[in-house]
Amino acid sequence: MVKKKCVAMLLAGGKGSRLNSLTKEIAKPAVPFGGKYRIIDFTLSNCTNSGIDTVGVLTQYQPLLLNSYIGIGSAWDLDRRDGGVTVLPPYSESQEVRWYTGTASAVYQNLTYLKQYQPEYVLILSGDHIYKMNYEEMLEYHIEKKADATISVIEVPWSEASRFGILDTNEEKRIVDFEEKPNSPKNNLASMGIYIFSWNTLKEYLEMDARNPRSSHDFGKDVIPLLLEEKKKLSAYPFKGYWKDVGTVQSLWEANMDLLNEECELNIFDYDWKIYSVNPNQPPQYISQEAKVKESLINEGCSIEGEVEKSVLFQGVTIGRGTRIKESVIMSDAVVGQNVFIEKAIVACNVTVPDGMIIRPVDDEVILVTKELISGLYPTF
Amino acid sequence: MNKKLLGIIDATNYHEDLQELLTHRSMAALPFGGRYRIIDFVLSNMVNSGMNSVAIFPKLQYRSLMDHLGSGKNWGLNRKRDGLFFFPCPQCEYDHKRIGSFHHFAANLDFFHRSTQEYSLITNCFTVFNMDFRPLLEWHIQSGCDITTVHDKNGKALDIYLVKTSLLMELVQTRNETRYTCMEDVVNDPDPLFVTCHYKYNGYAEVVDSIQSYFKTSMDLLKPAIWTRLFLKDWPILTKVKDEPPAKYTRESTVQNSMVANGCTINGNVENSIISRGVQIGKGAVIRNCIIMQKCQIGENSLLDSVILDKDVKIEAGTVLTGTPRFPYVVPKGRVQGALMKS
């Protein structure tokens, strides 16, 4: 194998249970976003755009769609002769089948994969977040700081700090303390779940962690505190820009609406930092004589005869006559009938919304429209 | 039966009437329908009909065509067995109005020898249609004819020929004796050596051979009765995919009866138009009855009516350009058009 300076390990086994039925059959990284993407597109595109060409994708929960979506990685230009994408599912050993019980155990069980490339550095990523980041700059920072590990951090509002892993740093951005979801946070620098480890440190500490029966084998909860305890050099890499964990239906909807905001820092139209995805090859969208489309993102294959305002439409969506869609996300191949009114909702893939149906939020809460919801309301439909 | 038909696409044609759009590209690579090149229709039809081996016979300028086709991956033709073949013939001379030059085939006779397909389908590259070639082959075999030509519902020949591959090779090898230079010669011989039959295709099929027909066929796409027949989910017209974000419509935009491809940002007003990938339309601009090709930038408050903008054209703010459906105003690729450049 060709030696690689930096190999990425992308954790894509997240269940995303707060996304309700959106993640019933698919893993969170495969959740559709932004009219044509899946969440994992952002991390994989970041890898390609940062010059990282060797990526292990660790899957576990509902991997069918994710595995076929990633394929051999050609959509992200990661179908390489040396390296490229490798999907790494849990596997059985001579003694037992070992599930990935935590983020650290997932990487630990694939040390053999990493060893093939004799990397100097390992980048640990999560497939759950929407952001654009140059990992190469973070790696340079890690090298410059002569750190054993570097954690990418972002300032979060103080009120939300207790939801995150919070870091305390000194003046040289060296991490002095780390608390996972603290009740009374001392700081508002949150870990983004993006780590760069020097290879020897990673190997040593993952092996140490694996031997500890009391460990939950999680980077945030176990490995990072252990490194701190052992006085290893941990530096914080400050990230500025858009970063969102779309853990709930509400936050998924918000992230989609962010794209419609002119001031949003997440620019998907940036040709210098393209977000790649699997392109379905559909005809251009058709906007009819009666249609009205404003402040929206619309993907190929859509046919629109109604009114669409402040909404995001995925590929192959049909919007009937007299229908109004407001502040909503309509996922791929959904068929919305005539004279329908939808406000502040996410319509899941392949859902058919019958003529005349009215969907509006109760208590301002985003509604997730699924096949089950429709058939519950219209048993004969 | 699928493997029995070999696809041969003649991409050497050139129509003087389309000259303004063909200075940088071959006819086959003519952009069409917002995200396609005109060859995508016949190529997709072949692939959808289960044909695994397709040979393209191009002529200069074929840079854009090669860039478009690549390894054939987007059509599933990047195969170890069969797949996409590209046969330029720099020394060949053509009658650029006619398809299926035997001279060009002769230069690549090895390919025909190596091919295992019993029948060959020889087509042009500039017909906009969505046709299943399987019934045609079935019909040809049953009819027992030597050559089958395809005609549209009005009886007009579509420049599509189905023959046994062995007969095609024979025609190529005996061209000096027979004086046949292409398939058209063979079927139009007043004293025919072979039995030719006509197969009628009743679906939508339009030949693009002039600016007028290009404009008309493009505008046809805006009729739901036509686009719903041309773009079918289970019979997709495949093309080179690009990683463009979804099209963005802003608060100021109004769009009616139009086709819009991904990557566009529309701030202005669009009506009865085809807007290709990555086009930017400024505030207050009015685009009516236009074909706007890839990555054009249209400045604020400009007015375009019955205009074809080739790729990468920049229209400065306040520019007014008007043509007519019969004579659309064509702006060549990469041109910068200012407000005062055309009265």
Side-chain angles (χ1 to χ4, degrees), chain A residues 33-37 41 45 48-49 74-77 79 256 259-260 262 266-271 273-305 308-318 332-333, chain B residues 32-36 40 44 71 73-76 78 130 218 221-224 226-228 230-233 236-267 270-280 295:
Chain A
F33 169 76
K36 75 173 285 196
Y37 310 99
D41 285 333
S45 300
T48 283
N49 290 331
S74 43
W76 306 271
D77 214 7
D79 50 336
N256 277 285
L259 289 176
L260 303 176
E262 291 292 332
L266 185 72
N267 178 10
I268 52 172
F269 281 77
D270 181 0
Y271 282 102
W273 200 274
K274 272 194 180 185
I275 304 304
Y276 298 100
S277 65
V278 175
N279 289 284
N281 222 336
Q282 295 219 25
Q285 54 208 260
Y286 172 71
I287 314 293
S288 84
Q289 191 67 47
E290 299 79 23
K292 263 192 198 154
V293 183
K294 299 241 185 235
E295 289 180 86
S296 294
L297 282 171
I298 303 201
N299 198 1
E300 286 166 344
C302 288
S303 164
I304 298 166
E305 294 186 78
V308 178
E309 201 189 326
K310 289 189 184 159
S311 294
V312 176
L313 271 58
F314 284 71
Q315 65 268 19
V317 167
T318 307
S332 58
D333 299 306
Chain B
F32 185 83
R35 62 191 289 277
Y36 303 96
D40 290 340
S44 300
S71 63
K73 194 175 177 180
N74 286 302
W75 296 267
N78 54 333
N130 191 335
S218 297
L221 293 179
L222 301 177
K223 296 172 188 157
I226 288 172
W227 69 256
T228 50
L230 208 48
F231 301 119
L232 304 171
K233 281 219 165 118
I237 303 303
L238 302 165
T239 188
K240 181 183 175 184
V241 294
K242 302 225 166 138
D243 288 273
E244 296 282 1
K248 186 178 187 175
Y249 298 76
T250 64
R251 194 173 303 160
E252 294 81 14
S253 73
T254 62
V255 178
Q256 271 156 345
N257 193 39
S258 294
M259 283 224 148
V260 180
N262 274 358
C264 292
T265 303
I266 299 175
N267 293 293
V270 179
E271 213 184 320
N272 307 330
S273 295
I274 297 193
I275 314 293
S276 309
R277 295 190 274 209
V279 168
Q280 290 176 32
K295 297 224 168 120

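Note on naming: letters A, B, ... go to the chains in the order of the sequence lines (proteins, then strands), and numbering restarts at 1 for each one.
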Chemist: Heavy-atom pairs under 4.5 Å with chain A - which of B:Glu271, B:Glu252, B:Arg277, B:Lys242 has more of them than the others?
Modeler: B:Lys242
Chemist: Shortest non-hydrogen contact from B:Pro246 to A:Gly34?
Modeler: CG-O, 3.4 Å
Chemist: Please report the C-alpha distance between A:Val293 and B:Val255 in whole Å, then the side-chain angles of each, then the deciding distance to 0.1 Å, and finally whether the side chain to side chain contact (heavy atoms under 4.5 Å, CB included) criterion is met.
Modeler: CA-CA 7 Å; A:Val293 183; B:Val255 178; 5.6 Å; no
Chemist: In terms of heavy-atom pairs under 4.5 Å, which option from B:Ser253, B:Ser276, B:Gly278, B:Gly34 contacts chain A the most?
Modeler: B:Ser253
Chemist: Between chain B and each of A:Ile268, A:Leu260, A:Ile304, A:Val312, count heavy-atom pairs under 4.5 Å; write down the option with the most.
Modeler: A:Ile268
Chemist: Ignoring hydrogens and angles, state whether a donor on the side chain of A:Trp76 or A:Asp41 is under 3.5 Å from an acceptor on the partner side chain.
Modeler: yes
Chemist: Does B:Lys248 reach the main-chain N or O of A:Ser296 with its side chain, forming a donor-acceptor pair under 3.5 Å?
Modeler: no
Chemist: Counting heavy-atom pairs under 4.5 Å with chain A, which one of B:Met259, B:Arg251, B:Lys240 comes out on top?
Modeler: B:Arg251
Chemist: Which one wins on heavy-atom pair count under 4.5 Å against chain B: A:Pro283, A:Cys302, A:Pro280?
Modeler: A:Pro283
Chemist: Quick one: is the NZ or CZ of B:Lys295 closer than 6.0 Å to the six-membered ring centre of A:Tyr271, and within 45° of its axis?
Modeler: yes
Chemist: Go through the atoms of A:Glu262 and report whether side chain, backbone, both or neither lie under 4.5 Å from a heavy atom of chain B.
Modeler: side chain
Chemist: Chain B: which of A:Lys294, A:Glu309, A:Gln315, A:Glu300 shares the most heavy-atom pairs with it under 4.5 Å?
Modeler: A:Glu300
Chemist: Verify the distance criterion only: is there a donor paired with an acceptor across the side chains of A:Thr48 and A:Asp77 at less than 3.5 Å?
Modeler: no
Chemist: Would you confirm whether A:Asn299, through its side chain, and B:Ala247, through its main-chain N or O, come within 3.5 Å as a donor-acceptor pair?
Modeler: no
Chemist: Top residue by heavy-atom pair count (under 4.5 Å) with chain B, among A:Val278, A:Leu297, A:Asp333, A:Leu259?
Modeler: A:Leu297
Chemist: Would B:Asn257 and A:Tyr286 count as having a side-chain donor-acceptor pair, cut-off 3.5 Å?
Modeler: yes
Chemist: For A:Lys36, which atoms come within 4.5 Å of any heavy atom of chain B: side chain, backbone, both, or neither?
Modeler: both
Chemist: In terms of heavy-atom proximity below 4.5 Å to chain B, should A:Phe314 be classed as side chain, backbone, both, or neither?
Modeler: neither
Chemist: Is it the backbone or the side chain of B:Ile237 that comes under 4.5 Å from a heavy atom of chain A, or both, or neither?
Modeler: backbone
Chemist: Heavy-atom pairs under 4.5 Å with chain A: which of B:Leu238, B:Val241, B:Asn262, B:Thr250 has the most?
Modeler: B:Asn262
